[in-house]
There are 2 protein chains.
Amino acid sequence: MTSFVSSVRTMAGAVVSLGLLTGFAFAQDAHEFDEETLRIAHELAETALESDLAYEITESLTTEIGPRLAGTPQEARAREWGVRMMTELGFENVRIEEFELDLWTRGRSIYEEVAIVSPYPQELYATSLGGAAATPEGGLEAEIVFFDSFDDLIASDDSEDALEGKLAFVNDRMVAARNGEGYGWANRKRQTAWLEAENRGAVGVLIRSVGTSSNRFAHTGMMSSPGGQTANIPALAVSAPDADQIERIHESGETITVRLQTYAGWRGEVISGNVIGEIVGSEAPEEVVIIGGHLDSWDTGTGALDDGAGVGITMAAARLIMEQGRPRRTIRVVLFGSEEVGLVGARAYANARMQDGTLENHVIGSESDFGARPVWRLTSNVADHAVPFFDAMQVEMQHLGILRGGNEGGGGPDMIPLQAMGMPVARLSQNGEDYFNFHHTPNDTFDKIVPEEMAQNVAAWTMFTWMVADTDMDFREPVEAAASE
Amino acid sequence: MTSFVSSVRTMAGAVVSLGLLTGFAFAQDAHEFDEETLRIAHELAETALESDLAYEITESLTTEIGPRLAGTPQEARAREWGVRMMTELGFENVRIEEFELDLWTRGRSIYEEVAIVSPYPQELYATSLGGAAATPEGGLEAEIVFFDSFDDLIASDDSEDALEGKLAFVNDRMVAARNGEGYGWANRKRQTAWLEAENRGAVGVLIRSVGTSSNRFAHTGMMSSPGGQTANIPALAVSAPDADQIERIHESGETITVRLQTYAGWRGEVISGNVIGEIVGSEAPEEVVIIGGHLDSWDTGTGALDDGAGVGITMAAARLIMEQGRPRRTIRVVLFGSEEVGLVGARAYANARMQDGTLENHVIGSESDFGARPVWRLTSNVADHAVPFFDAMQVEMQHLGILRGGNEGGGGPDMIPLQAMGMPVARLSQNGEDYFNFHHTPNDTFDKIVPEEMAQNVAAWTMFTWMVADTDMDFREPVEAAASE
């Protein structure tokens, strides 16, 4: 708590006004950084803007491993790659923390056979959703019942034979947005349309791909099991142009019969793991700043944007800091395993820290997991007294084109379990306007990354990581305040 | 020839200067259109800009038929569709002219199994080229010999065992251009890399996809047989991101082993055909203006840009003209079959006209076969005396954003056989800057067409078709001149 008192300084009213403009209703003293910390932060950003390191790390991962579905041999090879890369880059305490995982796979190829058989026979581009079941052996053929939206499916007759022998098709579209906010809404159908359909007796479910692309790629991703159930029916996303086709035929009044043959399913328990490396802090090595990305990817692309980029950006940022010398606190880079299938690595990590009693040592965390377009906003979710620290940080980052967001929200998917246990978080939001054109499709490949944009990410990450690691500021609620609430 | 004399008028020098600017080194009297012809041409363009007819025709073809590979039942269904659509639209003399075709198909699904097995196992997105053979039963596995370019392959050791047991990989890239001029050069490898590889003992050939897209789609298309040979080896295009992957691994010095399993091959003789419909001319019904597009498409997309658009644009243009009444000459719309596999329908048409003695009656021809982006240029290939007619036509089209090109070049692929037999041609060139992002890939689907852009095409086509049909201008070399050359 002394750190809080000692590092808050009075500054010009302009910063307070800025706080008000961005929605903070209280005036507060501005934060002033240590001069040497600032000098190094700016030097780091300059170096980062000239560095290809993140790009090279991501190239290596996406080329030498390629797709790396959670729990597969490819993901295991990615862990070995992570250990090798971290060791080469000079990280300390490089290690793998293993955990168990229920494996789901597509079963055969990334290609799955889906076709309209009537009224207008043609093959469709479609892909099973994570957690989906296979068709019966030999495939299945069924008529489509068309739902304009997920809400329409939910509102439909929910008797247990309402869709008996049918394939439910759910058509709603996703809206593109810089911050990706259209995803949550559109994704509801991916998560639980299978359950709504199965409860009504459907033999399967098809959804218009989540995502904003008009390319003929289907968007995969994990389904949810609100009650821990396992899907007994196949569930697939069809590409937007194919969904258009189904929509047009439906609107002409014709009944559409579709044939599916898929092999997806659960394969039993396997080993996955997180890869961890550190720069040990000079003065408070027990205090941990945790950053990282996730190592696993979907199987149809090579996971360049999701999340090879986050792996590359955060490893490169830490490596550039390492070249400047040790910050006060320890910087821990975690390459999480099995993010795509339910934050399994992140949960394992948080539970392990509960077990070993080091959870409280995590002073702040942030993940990069939204591609590699330029960072445009810094948000935080820290104690009130620490907000001016991030207000002042954004001022230092404004030459990178970064605005200040509010003091709410998360630190990236793999920070969710730690944040739920009280860890402060921050986030460097990338421009995600076109992220969902590529995300979870075959088209998520290395060529989609622009080196200069990625370097801007690394510049922001070096500044953020250095500044939160080279301070004694406590970002948590003071214990007394937290207790009295 | 009287028609030539009677319709050439003296006009302002400005038009002559325009001719000079676009590269005609001779001054010539300007052409002046009949006032009523002009009035109707402009009325047609205005109507066309407000019409969705081409869009609706293309929607119907690409939805109700979908992919329609030459010689398949889908192409036969497309012919039935064409007869039905032409009849509904009020065309006269609607008929199918059948011809025989050697059928080639992919054999099983649009999905073909290709994967790197070493050093970094991962599936690739690839597709057989038209005319390719299947792998041996059970597939094949072979090392890649990497050629930076097609020229490098040609220049390589050509002894018959130079590539024995290997897979040749040819890497050159296509350049995007408004007029698509990068295609010919890049396409050389698609046409004959198989032959170069086979002659050197290779077990197969892979090429970086022709096309300009960075999407993860492979670009198919027909191979050539300069000496009438049939390929005995599999030949596939791999998508650009996958070609990047192969290139990166190759550059790292690793040997790449690839596994293929394909089922492509020739299936024997089948029936294909052209669909023909007319607006019979009022004064010179025996004189034929031939326009159209091609009905067949590649099998991986739904052939919306190539060439559902051309079918829609030219049928709609003719229909809008029909609503204005009959022009002097007959307008014949031909929906060619089997264009993609070697202009088979176009050759059959031209040969049939040789047989029935009506070839000389074809006063001019033009095909729309380059997507549906805005028309930006009018070119002609007509006798010198007829050049001012097209100079003057471009002036009338300038409000549509159309420039005048030169008096050389073709009238579209399916006009090639007729042009070779002496028929004058013209072309309304569409902006093809992004055409090869979609062309011959799964991504050639209806959603890629912008209705307003397609309407601009129809406007240009109504003007062109009406103006060449409602004149007595002869576009051929005068018989005396042709004979004396």
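- For Thr445(A), the part lying under 4.5 angstrom from a heavy atom of chain B is the side chain only.
- Of the listed residues (Gly66(A), Ala115(A), Ser214(A)), the one with the most heavy-atom contacts under 4.5 Å to chain B is Ser214(A).
- Between the side chains of Glu123(B) and Ser109(A), at least one donor N or O sits under 3.5 Å from an acceptor N or O.
- Of the two parts of Ile65(B), only the backbone, made up of N, CA, C and O, holds a non-hydrogen atom closer than 4.5 Å to a non-hydrogen atom of chain A.
- Heavy-atom distances place no part of Ile116(A) under 4.5 Å from chain B, backbone and side chain included.
- Looking at Ile246(A), neither its backbone nor its side chain comes within 4.5 Å of chain B, counting heavy atoms on both sides.
- Atoms CD and CG, from Gln122(A) and Asp299(B) in turn, are 12.5 Å apart once rounded to the nearest 0.5 Å.
- Here CG of Asp244(B) is found 9.0 Å from OG1 of Thr63(A). Values are rounded to the nearest 0.5 Å.
- Remark: Arg108(A) CZ is loosely packed, at most 12 non-hydrogen atoms of other residues, nucleotides or ligands lying under 6.0 Å away.
- Between Phe217(B) and Tyr125(A), the distance separating the two ring centers is not shorter than 6.0 angstrom.
- No donor-acceptor distance shorter than 3.5 angstrom exists from the side chain of Gln245(B) to the backbone of Glu64(A), with no hydrogens or angles considered.
- At a 4.5 Å heavy-atom cutoff, the contact between Thr300(B) and chain A is made by backbone and side-chain atoms alike.
- Contact annotation: the side chain of Arg77(B) approaches that of Pro121(A) to within less than 4.5 Å [non-hydrogen atoms, C-beta and beyond].
- To the nearest 0.5 Å, the span separating CD on Glu112(B) from OH on Tyr111(A) amounts to 8.0 Å.
- When side chains are defined from C-beta on, Thr302(B) counts as touching Arg216(A), because their heavy atoms get closer than 4.5 Å.
- Taken to the nearest 0.5 Å, the OG atom of Ser239(B) stands 8.5 Å off from the CG atom of Asn443(A).
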